[in-house]
Asks: 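Handing you this structure, nothing more for now.
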Amino acid sequence: MMIQTRTLVTTKDGEKIAIWKIVDNAKDNAKDEKKTDILKTNASRVKPQNILLTHGTFSDKQTCLRIAQYLAQLGHHCYIMEWRGHGASSIPTDKFNFETVATYDFEATFRYLFAELKLDNLHCVTHSGGGACLTMFLIQHPQYIDHINSISMFACQVYGAIVNAKSHVKILAVKLLNRLLGYLPANRLKLGPINESYYTMNQWYDWNLNKDFKSSFIKQSTFKKTMSDESTAPENMAPTTTNHFDYRQHMPTITTPIYAISAKGDHFISPTSGCQLFFDEFANPKNVFREYSTTHGDLDDYTHSRIMISRNAATEIWPTVAAWIAQHAT
């Protein structure tokens, strides 16, 4: 029986972030009866692992739930983090963007997993903006890098959505629409269940239009001081318009093995070339990049959402994520 339990953790700026634990009770019971924690998966025999999953914009836990259940059926313990303003997390009174989620929501989640639950291993599975936020968080908190066994990123790019003049015009048009409305009507545009504000999305527009990955909070000159004194980080992270900290320069410091997945049919949010560009910045020869497409003999060209949640993805992609986790299990 699949069991879901919710815990609310408090961020340093006072928001409540929902963390859902997904476990297969039958697997846990079987483990107790056999007095062993060794499972047989398609890839190898591995000890049950802890897996943190998180969604991107316009989404909530539902984006991650089916793959979490699949991994739980293999005996793993899965945790899904919902961003502030999404799902069961609190609705913030202040504006927030990707970097707010990275700075506060991820910090509270990792503090809960490692300081309170005292997990001895962790693997991360992200979709879209969730991968961008995880990247920013790990650059801000490099002490966690060695505690993460593996990362799997679905459809993640930050500054490579513009591949031609058409995509450039499209991003400008969506940015203008978002600014005029104040938010993007997610259901009407078939983006997902959660509307996103202009303030949230503007950071993504600017990263892609400027082809950079710069902070809206942190000054380059004060990064080392700020990161070395986490207790004062929220106060130091005031908006600034000059000397922005550049996350892109620090991506190679993330040495955790990364399995990056792209979809050939994702032509706007995370085109393959943009995902490849983001992937290459980690500069780790142990990382693996894979585009899924019918040209490569796969079941689907996939889109931004189907790469994570479709039946075809469950058939041919989810097992590769399980194998990646098994390969880097402790």
Side-chain angles (χ1 to χ4, degrees), residues 4 6 8 15-20 22 53-69 80-102 105 125-133 153-158 161-162 166-167 169-209 261-271 274-275 300-314 317:
Q4 297 183 37
R6 187 194 70 177
L8 293 176
E15 299 298 337
K16 300 292 184 182
I17 302 303
I19 302 175
W20 298 86
I22 314 294
L53 303 96
T54 193
H55 56 82
T57 51
F58 309 106
S59 307
D60 55 20
K61 75 166 182 175
Q62 297 302 321
T63 296
C64 303
L65 184 58
R66 288 183 59 206
I67 188 173
Q69 291 173 336
I80 302 175
M81 184 199 87
E82 292 186 300
W83 295 16
R84 62 183 59 200
H86 295 67
S89 294
S90 62
I91 300 175
T93 55
D94 293 332
K95 297 176 181 179
F96 70 94
N97 58 22
F98 288 76
E99 198 172 12
T100 313
V101 173
D105 302 3
V125 178
T126 68
H127 181 247
S128 192
C133 292
M153 290 184 176
F154 284 79
C156 180
Q157 77 80 28
V158 171
I162 297 175
K166 182 178 179 180
S167 58
V169 170
K170 191 172 182 178
I171 286 182
L172 284 174
V174 173
K175 179 177 181 177
L176 177 60
L177 174 66
N178 200 170
R179 184 174 182 178
L180 290 173
L181 295 177
Y183 68 95
L184 283 180
N187 282 321
R188 184 176 299 179
L189 297 176
K190 297 182 180 179
L191 294 170
I194 309 294
N195 296 334
E196 297 291 359
S197 72
Y198 175 72
Y199 186 89
T200 296
M201 294 304 301
N202 190 50
Q203 191 170 43
W204 185 85
Y205 302 139
D206 286 348
W207 283 334
N208 283 282
L209 291 168
I261 299 163
S262 75
K264 185 177 181 180
D266 189 344
H267 300 300
F268 177 56
I269 300 175
S270 297
C275 294
D300 195 345
D301 281 340
Y302 295 100
T303 61
H304 189 70
S305 60
R306 290 210 311 271
I307 193 69
M308 182 80 162
I309 63 176
S310 66
R311 290 183 180 180
N312 284 344
I317 302 177

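It should be emphasised that the depicted structure is a prediction, and the values quoted were computed from it without experimental measurement. Excluded from the calculations below are hydrogen atoms, water molecules and symmetry mates; all remaining heavy atoms, backbone and side chain alike, are included.
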Asks: Only pairs under 3.5 Å count here: list side-chain donor-acceptor contacts from residues 180-192, not counting sequence neighbours, and write none if there are none.
Replies:
none

Asks: When you look at V101 and M81, which way does the side chain to side chain contact (heavy atoms under 4.5 Å, CB included) test go after all the steps?
Replies: CA-CA 11 Å; V101 173; M81 184 199 87; 4.2 Å; yes
Asks: On a heavy-atom basis, which atom in I194 and which in G85 lie closest, and how many Å separate them?
Replies: CG2-O, 4.0 Å
Asks: Going by the angle between their ring planes, with limits at 30° and 60°, are Y205 and Y198 parallel, tilted or perpendicular?
Replies: tilted
Asks: Not counting sequence neighbours, list each pair that qualifies as a salt bridge (charged side-chain N to carboxylate O under 4.0 Å, His left out) and has a residue in residues 196-206.
Replies: K175-D206
Asks: Is there side-chain contact between Q4 and Q69, with at least one heavy-atom pair below 4.5 Å?
Replies: yes
Asks: May I ask you to test the I80-I22 pair for a side-chain heavy-atom distance under 4.5 Å?
Replies: yes
Asks: Taking salt bridge (charged side-chain N to carboxylate O under 4.0 Å, His left out) as the cut-off, I'd like each qualifying pair that reaches into residues 84-98, sequence neighbours left out, listed once.
Replies: D13-R84, R84-D105
Asks: If I take atom CG from residue L8 and atom CD1 from residue I19, how far apart are they, to the nearest 0.5 angstrom?
Replies: 8.5 Å
Asks: Side-chain contact, heavy-atom cut-off 4.5 Å: E82 with W20?
Replies: yes
Asks: Among all residues two or more places apart in sequence or in another chain, which pass the side-chain contact (heavy atoms from CB on, under 4.5 Å) test with S262?
Replies: T272, C275, F289, E291
Asks: For T303 and G265, indicate whether the former's side chain and the latter's backbone hold a donor-acceptor pair under 3.5 Å.
Replies: no
Asks: Looking only at non-hydrogen atoms, find the nearest pair between G129 and F98 and report the distance.
Replies: CA-CE2, 3.9 Å
Asks: Not counting sequence neighbours, which residues clear side-chain contact (heavy atoms from CB on, under 4.5 Å) with T63? List them please.
Replies: H55, S59, H127, M308, I309
Asks: Starting at CG of N178, measure out to CH2 of W204 and round the result to the nearest 0.5 Å.
Replies: 10.5 Å
Asks: To the closest 0.5 Å, what do you measure between CG (N208) and OG (S270)?
Replies: 8.5 Å
Asks: Quick check: closest heavy atoms across R66 and A314, and the distance to 0.1 Å?
Replies: NH2-CB, 4.4 Å
Asks: Please report the C-alpha distance between I261 and I307 in whole Å, then the side-chain angles of each, then the deciding distance to 0.1 Å, and finally whether the side chain to side chain contact (heavy atoms under 4.5 Å, CB included) criterion is met.
Replies: CA-CA 8 Å; I261 299 163; I307 193 69; 3.8 Å; yes
Asks: A side-chain contact here means heavy atoms from C-beta on lying under 4.5 Å apart; do I67 and F154 qualify?
Replies: yes
Asks: Kindly give the heavy-atom pair with the smallest separation between S167 and I162, and that separation in Å.
Replies: OG-CA, 3.4 Å
Asks: Regarding S90 and E15, is there a side-chain donor-to-acceptor distance under 3.5 Å anywhere?
Replies: yes
Asks: For the pair F96 and W83, evaluate ring-ring contact (aromatic ring centres under 6.0 Å, His included) and give the outcome as yes or no after the intermediate values.
Replies: CA-CA 10 Å; F96 70 94; W83 295 16; 7.3 Å; no
Asks: Hey, could you give me the CD1/CG distance between I171 and L176, rounded to the nearest 0.5 Å?
Replies: 13.5 Å
Asks: Can you list everything that forms a salt bridge (charged side-chain N to carboxylate O under 4.0 Å, His left out) with D300? Sequence neighbours excluded, please.
Replies: R306
Asks: So do the side chains of D60 and P193 get within less than 4.5 Å of each other, counting heavy atoms only?
Replies: yes
Asks: For C156 and A132, work out which heavy atoms get closest and say how close.
Replies: SG-N, 3.6 Å
Asks: Using 0.5 Å steps for rounding, measure from the CE atom of M153 to the OG1 atom of T126.
Replies: 5.0 Å
Asks: First locate atom CG of N97, then atom OG of S197, and finally report the distance between them rounded to the nearest 0.5 Å.
Replies: 8.5 Å
Asks: State, with a plain yes or no, whether a side-chain heavy atom of C133 is found less than 4.5 Å away from one of T54.
Replies: no
Asks: Side-chain contact, heavy-atom cut-off 4.5 Å: F268 with V174?
Replies: yes
